[in-house]
Amino acid sequence: MTTLCRGSLGIDMKKFLLLLLSLVLLLCSCSGLRSFERDAEGYGYTDKRSDLYYVELDAAFEPAKTGEAFGEYENEKTGAKRTFSEIPDLDPALFLTDEYLNVYYAGETPVDASKWELSAILVCDEDVISVEMFRFTAEKDAATVAEIRSLWFEGTGDAMLPFSDASYKRRIKMSCDAYPNLFYCFSFLAYDSGEAYFYDATSRRTVAVPDALVALLRSAAAQEN
């Protein structure tokens with residue numbers, strides 16, 4: 001029979017307490033939000049744990065929905081905070097979003113929506129919240145999807161909006177299977193004069209929409225209502 005002396009019991013207890021403390025610290029570090037640091041120019045943020053740098057994408061990109069909180073930035077001078085969240089089905093080491101639905105990207109290959117193989121184009125009402133009114137899918141509406149895509153990315157983008165307010169407004173949201181839950185967006189504006197345009201408020205790109213496509217967009221909306 002082996003008899004443990006009091007000294008060995010003390011050593012074993014210290015080892016146990018150190019191990020327990022290490023586990024507690026590990027659990028705390030895993031459960032807490034990651035700390036982010038903003039660059040001097042204000043263009044992006046660095047995850048201090050992974051050292052990944054996330055740059056803010058063009059405002060035309062937005063998440064379809066947000067997931068769990070991932071990290072947080074706090075301005076040491078003002079105390080202002082920004083929370084970064086995951087985008088479901090996208091790698092958080094590449095994509096994150098914030099409470100303002102800005103999208104941040106840490107990859108090396110630029111995200112170019114003009115090269116997407118579109119799976120669908122959603123047409124949404126964004127009066128107060130975003131509500132999908134109807135959608136065109138690549139499977140059922142291939143010609144319409146191709147026309148909208150070509151018009152926006154390849155059409156002349158220097159048209160001038162009328163000075164009056166649009167009487168009909170919808171948000172166009174392009175999606176693809178390669179980037180689930182990530183949209184590329186711009187506006188569809190129609191006027192009482194009969195004119196209609198695709199428009200991006202950030203870049204000011206403005207593309208005149210032909211009458212046939214305007215009629216299709218309006219008739220699809222009427223059928224849904």
Side-chain angles (χ1 to χ4, degrees), residues 56-67 69 82-90 95-105 111-114 116 118-138 140-141 144-153 155 157 159-225:
E56 185 176 346
L57 292 182
D58 187 282
F61 292 96
E62 70 175 46
K65 53 186 175 180
T66 60
R82 176 158 298 193
T83 300
F84 298 95
S85 300
E86 298 179 6
I87 301 175
D89 301 320
L90 288 177
F95 292 95
L96 293 174
T97 187
D98 63 18
E99 59 266 49
Y100 306 104
L101 301 184
N102 299 310
V103 177
Y104 300 86
Y105 179 60
V111 181
D112 186 352
S114 68
W116 285 5
L118 299 181
S119 57
I121 294 179
L122 284 61
V123 181
C124 303
D125 182 359
E126 301 209 344
D127 186 21
V128 178
I129 60 173
S130 182
V131 178
E132 179 185 341
M133 305 304 293
F134 61 95
R135 67 172 59 194
F136 300 109
T137 67
K140 297 181 179 179
D141 313 289
T144 302
V145 169
E147 182 180 7
I148 295 174
R149 178 196 175 282
S150 177
L151 184 63
W152 177 249
F153 289 115
M160 296 292 293
L161 291 179
F163 290 108
S164 59
D165 291 334
S167 58
Y168 182 87
K169 301 178 182 180
R170 289 292 183 265
R171 191 72 169 160
I172 306 296
K173 300 188 177 186
M174 296 180 168
S175 67
C176 70
D177 293 336
Y179 298 105
N181 291 316
L182 182 65
F183 289 140
Y184 176 85
C185 312
F186 52 90
S187 296
F188 170 58
L189 307 176
Y191 296 80
D192 290 335
S193 62
E195 299 172 83
Y197 302 88
F198 289 150
Y199 175 68
D200 176 61
T202 302
S203 67
R204 302 293 181 182
R205 178 171 174 77
T206 308
V207 180
V209 181
D211 293 343
L213 183 54
V214 173
L216 178 60
L217 288 167
R218 299 293 295 264
S219 65
Q223 291 174 14
E224 289 298 322
N225 293 330

Hey, does [Y] have a side-chain heavy atom less than 4.5 Å from the side chain of [X]?
X	Y	value
Tyr168	Leu217	no
Thr83	Asp98	no
Asn181	Pro63	no
Ile121	Trp152	no
Arg170	Asp125	yes
Leu213	Glu147	yes

Distance (rounded to the nearest 0.5 Å) between [X] [atom1] and [Y] [atom2]:
X	Y	atom1	atom2	value
Thr144	Leu216	OG1	CG	5.0 Å
Leu57	Phe95	CG	CZ	6.5 Å
Cys176	Phe183	SG	CZ	10.5 Å
Asp177	Asp89	CG	CG	11.0 Å
Tyr179	Met174	OH	CE	15.5 Å
Leu118	Thr137	CG	OG1	11.5 Å

Please answer whether the main-chain N or O of [Y] pairs with a side-chain N or O of [X] as donor and acceptor at a distance below 3.5 Å.
X	Y	result
Thr206	Arg204	yes
Ser119	Ser175	yes
Thr66	Ile87	no
Ser150	Ala146	no

- Task: Find out whether the Lys NZ or Arg CZ of Arg205 is both under 6.0 angstrom from the six-membered ring centre of Phe186 and within 45° of the ring's axis.
- Result: no

- Flag this pair as yes if the NZ/CZ of Arg82 is under 6.0 angstrom from the six-membered ring centre of Phe84 and inside a 45 degree cone about the axis; otherwise no. no

With sequence neighbours left out, write down each residue that passes side chain to side chain contact (heavy atoms under 4.5 Å, CB included) with [X], or none if nothing qualifies.
X	result
Ala196	Phe188, Ala190, Val209, Val214
Asp211	none
Thr202	Ala59, Asp200
Ser164	Pro162, Tyr191

Give me the atom names and distance for the closest heavy-atom approach of [X] to [Y].
X	Y	result
Thr97	Glu86	CG2-O, 4.3 Å
Asp141	Arg135	OD2-O, 4.1 Å
Gly67	Pro88	N-CD, 3.6 Å
Val123	Phe136	CG2-CE1, 4.3 Å

- Query: Who passes side chain to side chain donor-acceptor pair (under 3.5 Å) against Arg171, sequence neighbours left out?
  - Reply: Ser187

- Message: Less than 4.0 angstrom from a charged side-chain N to a carboxylate O is my criterion; do Lys173 and Glu62 meet it?
- Response: yes

- Item | Aromatic centroids of Phe61 and Tyr105 separated by under 6.0 Å | no

- Task: Kindly write out the residues that satisfy ring-ring contact (aromatic ring centres under 6.0 Å, His included) with Phe153, not counting sequence neighbours, or none if the list is empty.
- Result: Tyr184

